[in-house]
Amino acid sequence: MFEEILKNVQEKTPLVHSITNYVTVNDCANIILACGGSPIMADDINEVEDITSICNTLVINIGTLNERTIDSMIKAGKKANELKHPVILDPVGAGASKFRNDTVKKLLSAVNFSVIRGNISEIKAVNAGSGTTKGVDTDINDAVSNDNLKEVVSFAKALSQKTGAIIAITGAIDIVADSQKAYIIKNGTSAMSKITGTGCMLTTVIASFCGGNYDNLLDSTACAVSAMGICGELALEKVTKLDEGTSSLRTYIIDYMSKINSSILNKKMKIETI
Amino acid sequence: MFEEILKNVQEKTPLVHSITNYVTVNDCANIILACGGSPIMADDINEVEDITSICNTLVINIGTLNERTIDSMIKAGKKANELKHPVILDPVGAGASKFRNDTVKKLLSAVNFSVIRGNISEIKAVNAGSGTTKGVDTDINDAVSNDNLKEVVSFAKALSQKTGAIIAITGAIDIVADSQKAYIIKNGTSAMSKITGTGCMLTTVIASFCGGNYDNLLDSTACAVSAMGICGELALEKVTKLDEGTSSLRTYIIDYMSKINSSILNKKMKIETI
Amino acid sequence: MFEEILKNVQEKTPLVHSITNYVTVNDCANIILACGGSPIMADDINEVEDITSICNTLVINIGTLNERTIDSMIKAGKKANELKHPVILDPVGAGASKFRNDTVKKLLSAVNFSVIRGNISEIKAVNAGSGTTKGVDTDINDAVSNDNLKEVVSFAKALSQKTGAIIAITGAIDIVADSQKAYIIKNGTSAMSKITGTGCMLTTVIASFCGGNYDNLLDSTACAVSAMGICGELALEKVTKLDEGTSSLRTYIIDYMSKINSSILNKKMKIETI
């Protein structure tokens with residue numbers, strides 16, 4: 001199944017429209033190309049509908065949020081919903097300011113997201129902004145481990161139920177869940193947190209994978225998360241061998257994504273359902 | 001002649017003012033430095049005239065266009081025209097939205113461009129926006145090949161006649177033409193399309209070359225296009241040899257640009273006039 | 001002492017809030033992580049106070065200044081002052097436009113900076129904007145050398161006296177001074193000027209070092225300047241050995257920053273007080 005997902009991305013070259021932050025945007029564009037998609041970044045309110053219409057999928061990333069682009073995000077999101085394109089939310093830094101929390105709330109009420117990807121604290125902030133009822137328990141620590149895994153999976157499933165979106169919580173252990181089913185993914189390495197943008201990049205890889213596989217968003221998201229982790233592992237091996245540092249790690253993650261194939265996936269994926 | 005052009009860039013260190021997109025801006029700044037120029041990025045309406053006045057050349061790139069910067073582009077463009085600085089247009093994504101098409105039209109009517117560089121579909125969109133008369137045939141496919149080369153050259157010459165700008169159409173085969181003369185350049189590799197920003201970077205290399213060679217813009221543009229292609233070829237050789245990927249390719253393109261010299265140009269240029 | 005400073009950064013992981021330009025922002029985020037800090041970029045007026053409040057230090061960089069973000073800079077700066085966080089100014093391109101000069105003047109009158117870092121011409125522009133009295137002589141050439149070193153040190157000390165900020169003037173020879181004491185640092189290499197953003201990156205390293213060492217800003221700034229120079233030297237050695245170019249140099253500077261330790265500092269620092 002995962003080979004099929006990867007093949008679809010590489011053969012269909014999905015166009016990914018991103019409204020995103022200016023910190024990691026170049027890495028995002030490059031990793032979209034590396035994994036088989038094609039990137040377009042456009043955030044002006046006068047063109048976001050046109051651009052989304054010629055694309056296959058939309059990424060909304062709030063990393064360097066500003067008032068001008070929030071309206072663009074909503075307009076693009078609504079258009080993508082209308083066209084039934086997958087819409088992926090990366091709630092970067094949700095929880096860090098009232099402005100981000102309010103924006104997440106606004107986005108969640110205006111746009112139907114297909115996938116929401118963040119670390120546990122961002123996803124908890126999304127949960128806080130996703131409704132007034134307190135049906136979902138959020139008393140979870142900020143690190144996902146084998147100890148609290150079941151609890152976090154239940155939280156993810158409940159949040160998926162509430163939002164209608166697949167929830168991807170990434171960290172030392174990654175969880176990808178809809179309301180019924182969850183994947184646990186143990187690829188990746190903590191070294192990835194020493195470079196900026198691995199989260200943002202992953203979100204755009206998810207978007208590319210979903211853009212090539214409209215009918216299979218849960219598996220595509222899980223596959224993208226695992227693929228990114230694998231690239232991180234391979235990159236770290238190379239950096240360690242060559243005694244290099246974090247900037248080389250970034251380069252190699254994108255390098256390996258540009259060479260990912262089904263045989264690497266088969267050999268390296270550490271993924272199970274729960 | 002091409003050695004002379006390169007020498008002028010490297011000796012004069014032309015200052016290049018860019019109003020550009022936030023996706024590829026860092027690569028653009030680095031490749032301007034690599035080829036011998038010096039970059040300044042500034043887009044606020046309150047300073048674009050001041051900045052352009054201390055520079056030698058101006059790049060206008062519409063990659064992540066927004067309403068705020070369009071006025072800055074026009075103001076800077078008019079000032080650069082007044083000062084007789086070369087002004088280079090990169091109509092990124094022209095054709096993809098009404099907003100971009102309208103902006104291209106606005107720019108073309110307000111500013112005299114010295115060079116316009118894009119892929120064939122962008123240049124066709126520029127043509128559509130460059131006047132009401134339909135004197136120039138645009139019924140050309142979106143890939144330039146040996147089969148339609150003469151047709152595209154005629155189109156480029158006619159568009160140059162209409163706009164007063166040198167037209168650089170880049171792709172598998174590159175064409176650089178004014179109304180009288182055209183260069184056909186066969187350097188480069190398709191791998192360059194797997195990284196973001198090779199087009200944007202090339203535009204800034206053209207700007208640097210033109211900034212050091214005011215009296216010879218056509219040859220300078222052709223030389224820049226060829227030099228960029230050569231760097232792509234050398235980078236791909238290295239990536240292939242080391243079994244690396246697309247992010248390393250990007251690094252090496254800029255690396256090779258920082259080491260370009262007349263002996264490499266002489267050995268590698270695949271350029272002819274038509 | 002310098003080992004202690006480095007250890008504090010690496011153990012405390014200071015959060016660095018940057019309001020900065022979009023040209024070098026990714027390199028800045030990556031080098032903050034490399035040296036031991038954690039980056040947050042946020043520039044919207046609605047959240048800068050919230051963001052600064054959860055951080056340890058603030059960087060204000062005017063590289064791609066625009067009207068929207070000036071108010072954010074001032075608001076964040078005042079909040080950081082209130083919280084007694086170190087605030088670091090990078091007056092990129094000061095002197096190049098009236099808009100930048102006016103903004104520097106505005107910033108200096110609204111915010112108390114802990115450190116101001118620039119090249120000699122930027123720092124001279126800061127001096128011109130730092131008051132109406134002409135008490136500080138600025139008749140200094142745009143290159144700091146052994147010949148005019150004493151003069152520049154006096155200038156830096158006087159400017160520090162006037163502004164209350166530590167003054168870091170970087171170039172072939174670096175000077176870090178408060179009103180009483182100055183460090184002369186001779187690490188680094190001219191090759192660093194062939195990549196964009198070494199200045200901006202250094203400013204964020206200074207911010208990280210100051211964020212981990214509130215009680216010792218002068219020594220921390222000097223240590224950061226020296227560390228950055230050492231990374232440049234090591235990177236150039238590697239690039240030269242491998243016959244690579246400027247983009248690899250950028251990668252290796254960040255790589256070496258991610259591996260800096262007290263034994264490298266002890267062996268390589270070229271620092272003296274005057």
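If you're wondering where the values come from, they're calculated on a predicted model, not measured in any experiment.
Enclosure of atom NZ in Lys12(B) by more than 12 non-hydrogen atoms of other residues, nucleotides or ligands within 6.0 angstrom is indicated. The number of heavy-atom neighbours closer than 6.0 Å to NZ of Lys194(C), taken from other residues, nucleotides and ligands shown, is above 12.
For Asn30(B) (side chain) and Thr196(C) (main-chain N/O), a donor-acceptor pair under 3.5 Å exists by modelled atom type. Of the possible polar contacts, none joining the Ser97(C) side chain to the Ile51(B) backbone as a donor-acceptor pair under 3.5 Å is found. When atom types are taken as modelled, the side chain of Asn66(C) and the backbone of Asp43(B) share no donor-acceptor pair closer than 3.5 angstrom.
Proximity to chain B involves both the backbone and the side chain of Asp243(C), based on heavy atoms less than 4.5 angstrom apart. With a 4.5 angstrom heavy-atom cutoff, Tyr256(B) does not touch chain C via any of its atoms. With a 4.5 angstrom heavy-atom cutoff, Arg250(C) touches chain B only via side-chain atoms. For Thr24(B), no part sits under 4.5 Å from any heavy atom of chain C, backbone or side chain.
For the residue pair Asp255(B) and Ser248(C), a side-chain donor N or O sits within less than 3.5 Å of a side-chain acceptor on the partner. No side-chain donor-acceptor contact under 3.5 Å links Asn26(B) and Asn26(C).
When Met257(B), Lys259(B), Met41(B), Lys238(B) are compared by the number of non-hydrogen pairs under 4.5 Å with chain C, Lys259(B) comes out ahead. With chain C as the partner, the residue from Ile32(B), Leu33(B), Asp44(B) showing the most heavy-atom pairs under 4.5 Å is Asp44(B).
Checked for salt-bridge contact, Lys98(C) and Glu49(B) miss the test: no charged N lies under 4.0 Å from a carboxylate O. Using a 4.0 Å cut-off between charged side-chain N and carboxylate O, Arg100(C) and Asp50(B) make no salt bridge.
Closest approach of Gly245(C) to Ser258(B), counting heavy atoms only: CA-OG, 3.4 Å.
The OG1 atom of Thr64(B) sits 7.5 Å away from atom OH of Tyr22(C), with the distance rounded to the nearest 0.5 Å. Rounded to the nearest 0.5 angstrom, Ser247(C) OG and Ile31(B) CD1 are separated by 9.0 Å. In this structure, Arg68(C) CZ and Arg68(B) CZ are separated by 7.5 Å, a value rounded to the nearest 0.5 Å.
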